[in-house]
Amino acid sequence: MMLITKVYGDQHHHQFSYAMLAYMEELDKLEEKEATMIRVNRYPKCPLPEKCLGLGSHSDPHTLTILLQSDEVGGLQVLRPIDNQWVGIRPVPHSFVINIGDTLEAWRNGRLKSVVHRAVVNKEKSRLSAAYFLSPSSQVMIESPPQLIQPRSSNAKMYKPFTWGEFGKELLSQKRVSEKTALYRYLISPYTIQ
Ligand SMILES: O=C(O)CCC(=O)C(=O)O
Ligand SMILES: [Fe+2]
């Protein structure tokens, strides 16, 4: 997410810009209009917000999510990896939150990370958000380009190649989780030995 690029500083920001350029070049492969979808989330106000969640913690499995949240009511939180704390993403009027999905993480060989996030509710106001999920076509193989892989180093190949179609089936076999989606099932372990 954009917030995380700020927290991680220039290095991560650079990775993000570079990946976005590469993404544009591969758009035919990485974005399939038929598979792309929009989800609108409505979170009613809740008398006991500390006892419920609007949307449980998850990572988005797709490539990218473009999220619009209502201007006045916050509720989106990300799990900050450095200290495992939930951090609120304050809505910025007329802006989108860009969320990196698991498929993009796998394609960039872990140089960009999908982020675990959730939505909380509050007592005073209901909230709306709309998420636009970009997906590759179901037959496309998600595999990191060779220039991102250096065998026997910390940049060794992290994930076994998979198709979005296959990944979708893995997701269906998984209950809502408290961490990342099925991506870990493709992790090459230990990925430094290749
Ligand atoms: O409502 C939000 O801010 C988060 C929505 C979300 O994470 C999702 O739809 O996947
Ligand atoms: Fe999400």
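The first residue in the sequence is number 1, and the count goes up from there. One-based numbering, in listed order, for ligands and for the atoms of each. Heavy atoms only: backbone and side chains are in, while hydrogens, waters and symmetry mates are out.
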| Do the rings of Tyr186 and Phe167 sit parallel, tilted or perpendicular, given the 30° and 60° boundaries? | perpendicular
| request: Please confirm whether the backbone N or O of His62 pairs with a side-chain atom of Ser135, one donor and one acceptor, at under 3.5 Å? | output: no
| request: Heavy-atom contacts with Asn41 under 4.0 Å: which atoms of ligand 1 show up? List them by number with element. | output: 1 (O), 5 (C), 9 (O)
| Contact check, side chains of Val115 and Leu79, non-hydrogen atoms, under 4.5 Å | no
| request: With heavy atoms under 4.0 Å as the rule, classify the contact between Thr65 and ligand 1 as side chain, backbone, both or neither. | output: neither
| query | Quick one: does Gln69 get an N or O within less than 3.5 Å of an N or O on ligand 1? | reply | no
| query | Would you say the side-chain atoms of Arg80 and Gln85 include a donor-acceptor pair closer than 3.5 Å? | reply | no
| Val140 side chain near Trp164 side chain, heavy-atom distance below 4.5 Å | no
| Element-labelled atoms of ligand 1 that are located less than 4.0 Å from some non-hydrogen atom of Leu55 | 5 (C), 6 (C), 7 (O), 8 (C), 9 (O)
| message | I need the contact type for Tyr132 against ligand 1. Using non-hydrogen atoms and a strict under-4.0 Å cut-off, is it side chain, backbone, both or neither? | response | neither
| query | Can Arg127 and Glu72 be said to form a salt bridge (charged side-chain N to carboxylate O under 4.0 Å, His left out), step by step? | reply | CA-CA 9 Å; Arg127 173 172 178 265; Glu72 314 87 46; over 6 Å; no
| request: Within a distance under 4.0 Å of any heavy atom of His58, pick out the atoms of ligand 1 and give their elements. | output: 6 (C), 7 (O), 8 (C), 10 (O)
| task | State the CG-CZ distance between Asn99 and Phe133, to the nearest 0.5 angstrom. | result | 8.5 Å
| request: Have a look at ligand 1 and work out which part of Arg118, if any, has a heavy atom under 4.0 Å from it: side chain, backbone, both or neither. | output: neither
| message | Can you name the atoms of ligand 1, numbered from 1 with element, that are less than 4.0 Å from a heavy atom of Tyr43? | response | 1 (O), 2 (C), 4 (C), 5 (C)
| task | Please round to the nearest 0.5 Å and tell me the distance separating atom CD of Glu170 and atom CG of Asp102. | result | 12.0 Å
| said: Only heavy atoms of His117, strictly under 4.0 Å: list the atoms of ligand 1 that pass. | reply: 7 (O)
| field | Heavy-atom side-chain contact between Val116 and Trp86 under 4.5 Å | value | yes
| request: Using a strict cut-off of 4.0 Å, indicate which atoms of ligand 1 neighbour a heavy atom of Arg127. | output: 1 (O), 2 (C), 3 (O)
| query | Using a distance threshold of 2.8 Å, what protein N/O/S atoms lie below it relative to the Fe ion (ligand 2)? | reply | His58 NE2, Asp60 OD1, His117 NE2
| message | For the residue pair Ser114 / Glu105, report whether a side-chain donor-acceptor contact shorter than 3.5 Å exists. | response | yes
| Asp60 side chain to His117 side chain, donor-acceptor N/O pair below 3.5 angstrom | yes
| field | Asp60 neighbourhood, listing ligand 1 atoms whose heavy-atom distance to it stays under 4.0 Å | value | 10 (O)
| note | Sequence neighbours excluded, the answer for side-chain contact (heavy atoms from CB on, under 4.5 Å) partners of Leu128 is Val40, Arg42
| query | Taking only heavy atoms of Leu67, which atoms of ligand 1 are found under 4.0 Å from at least one of them? | reply | 3 (O), 5 (C)
